[in-house]
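Data block below; observations after.
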There are 2 protein chains.
Amino acid sequence: MKRTKNDVCEVSFIDSKKVAAVKKKLKPERTVQGLAETFKVLGDPTRVKIIFALSQQELCVCDLASLLEASKSAVSHQLRVLRNMKLVKYRKDGKMAFYSLDDDHIKNLFDEGLRHVEESE
Amino acid sequence: MKRTKNDVCEVSFIDSKKVAAVKKKLKPERTVQGLAETFKVLGDPTRVKIIFALSQQELCVCDLASLLEASKSAVSHQLRVLRNMKLVKYRKDGKMAFYSLDDDHIKNLFDEGLRHVEESE
DNA sequence: TTTATATATGAACAACTGTTCAACTATTTA
DNA sequence: TAAATAGTTGAACAGTTGTTCATATATAAA
């Protein structure tokens, strides 16, 4: 079995009481993954802009692309990500697709983040 | 000049009034980048676990590694990311480094996210 | 029906991310 | 002093991400 000097702690710990106490409170893996995924979706400048824009106004893909100075394709790809995460919804009107935020569910989180960033500037 | 059928909208828009109205409200690039970066840091399961653990208790690298069942190296790398973003701080005691959350600044944001995820389960 | 337009999408690609591994520093203990 | 331990770090690697490009679909207009 290969052992480096570095792996001592991988199977041990310093303070078993502390570790056990925190371990008991740890959220289930599913919750951790969900939380990370939620934050990750918000962790891209293009998506941040899209969400902010849609929090102001319902907009079509073309207007979003113009607004963000991005290609329609790039915007469309990102809208799909946001759609999959149920953060935005859309209505079709003729050949246009008007996107809006799916609900206020994420708006609070987004605003909380915005407050933090604007505070620390 | 190369033009595809697809690039019409890249320099145009559908509803100039809407676009202009939203454009006026758009946050400055710096804010958008900061917001995205903040969310991105929270958008990783390992870092989510670290932040949650440290919100319960001050912990050393070794205990964190044991708790998360990750290598010390992996934890240390992530702690550096969190340190750079000023999300965690540490005190040295002998050869140990005890980490804790830098302030409650991010705690609210984290809890807001947690509430969302736990609500939708 | 033909043409133009709004959007969606798969493939390809470069850039980025998180982990591991090995090596290093600093501190403690024998 | 030498050995062990806690932590840090750079390089390498695989996996992921976001964009572009080309193409496809659907609707509207000519």
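Chain letters run A, B, ... following the sequence lines, proteins first and then strands; every chain starts at 1. Any value given below was found using the heavy atoms of this structure, including those in side chains, with hydrogens, waters and symmetry copies removed.
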Rounded to whole angstrom units, what separation is found between the CG atom of A:Leu82 and the P atom of C:dT7?
16 Å
Residues, nucleotides or ligands: over 12 heavy atoms within 6.0 Å of A:Asp111 CG
yes
Atom pair distance, as rounded to whole Å: CG in B:Leu64 and P in C:dT19:
13 Å
Roughly how many Å is it from CG in A:Asp63 to C1' in C:dT5, rounded to a whole number?
14 Å
Between B:Asp63 (side chain only) and A:Asp15 (backbone N and O only), is there a donor and an acceptor less than 3.5 Å apart?
yes
Within the structure provided, determine whether A:Leu114 and B:Lys27 are in side-chain contact (heavy-atom separation under 4.5 Å).
yes
Is atom CG of A:Asn108 surrounded by more than 12 heavy atoms (other residues, nucleotides or ligands) closer than 6.0 Å?
yes
Under-4.0 Å side-chain N/O to phosphate OP1/OP2 contact, A:Arg80 with D:dG18
no
Base of C:dC21, side chain of B:Ser73 - is there a donor-acceptor contact under 3.5 Å?
yes
Would you mind reading off the distance between A:Asn84 atom CG and C:dT9 atom C1', rounded to a whole angstrom?
12 Å
D:dT17, OP1 or OP2 - any side-chain N/O from A:Gln78 closer than 4.0 Å?
no
Mind running side-chain contact (heavy atoms from CB on, under 4.5 Å) on B:Ile14 and A:Leu59 for me, showing each step along the way?
CA-CA 9 Å; B:Ile14 302 297; A:Leu59 288 165; over 6 Å; no
Where the side chain of B:Ser71 is defined as all heavy atoms beyond and including C-beta, which of D:dT8, D:dG7, C:dT20 is the nearest nucleotide?
C:dT20
For D:dT19 and A:Thr46 - does any side-chain N or O of the residue sit under 4.0 Å from the phosphate oxygens OP1/OP2?
yes
Got a donor-acceptor pair under 3.5 Å from the side chain of B:His77 to the base of D:dG10?
yes
List in numerical order all residues of residues 47-58 of chain A for which some heavy atom is under 4.0 Å away from an atom belonging to DNA chain C.
none
In this structure, how many angstroms lie between the P atom of C:dG18 and the CG atom of B:Leu42, rounded?
12 Å
Between CZ of A:Arg83 and C1' of C:dA8 the distance, given in whole Å, is 8 Å
Please give me every residue in residues 87-98 of chain A whose heavy atoms get under 4.0 Å of an atom in DNA chain C, ordered by residue number.
A:Lys95, A:Met96, A:Ala97
Atom-pair distance (CE on A:Met85; P on D:dG18), nearest Å:
12 Å
How do B:Lys40 and B:Ala74 order along DNA chain C: which one's closest nucleotide is nearer the 5' end?
B:Lys40
side-chain contact (heavy atoms from CB on, under 4.5 Å) assessment of A:Ile106 paired with A:Leu101:
CA-CA 9 Å; A:Ile106 281 319; A:Leu101 295 188; over 6 Å; no
Is a side-chain donor or acceptor of B:Ser76 paired with a backbone partner of B:Ser73 at a separation under 3.5 angstrom?
no
Please determine whether side-chain contact (heavy atoms from CB on, under 4.5 Å) holds for the pair A:Glu112 and A:His116, giving the CA-CA distance in whole Å, both sets of side-chain angles, and the decisive distance to 0.1 Å.
CA-CA 6 Å; A:Glu112 184 75 30; A:His116 279 304; 3.5 Å; yes
Is any side-chain heavy atom of B:Val117 closer than 4.5 Å to a side-chain heavy atom of A:Val32?
no
With respect to the phosphate group of C:dA8, does any side-chain polar atom (N or O) of A:Tyr99 fall under 4.0 Å of OP1 or OP2?
yes
Write down the distance between CG (B:Asp44) and P (C:dC16), rounded to a whole number of angstrom.
17 Å
Would you say the side-chain atoms of B:Lys86 pair up with the backbone N or O of B:Asp103, donor to acceptor, closer than 3.5 Å?
no
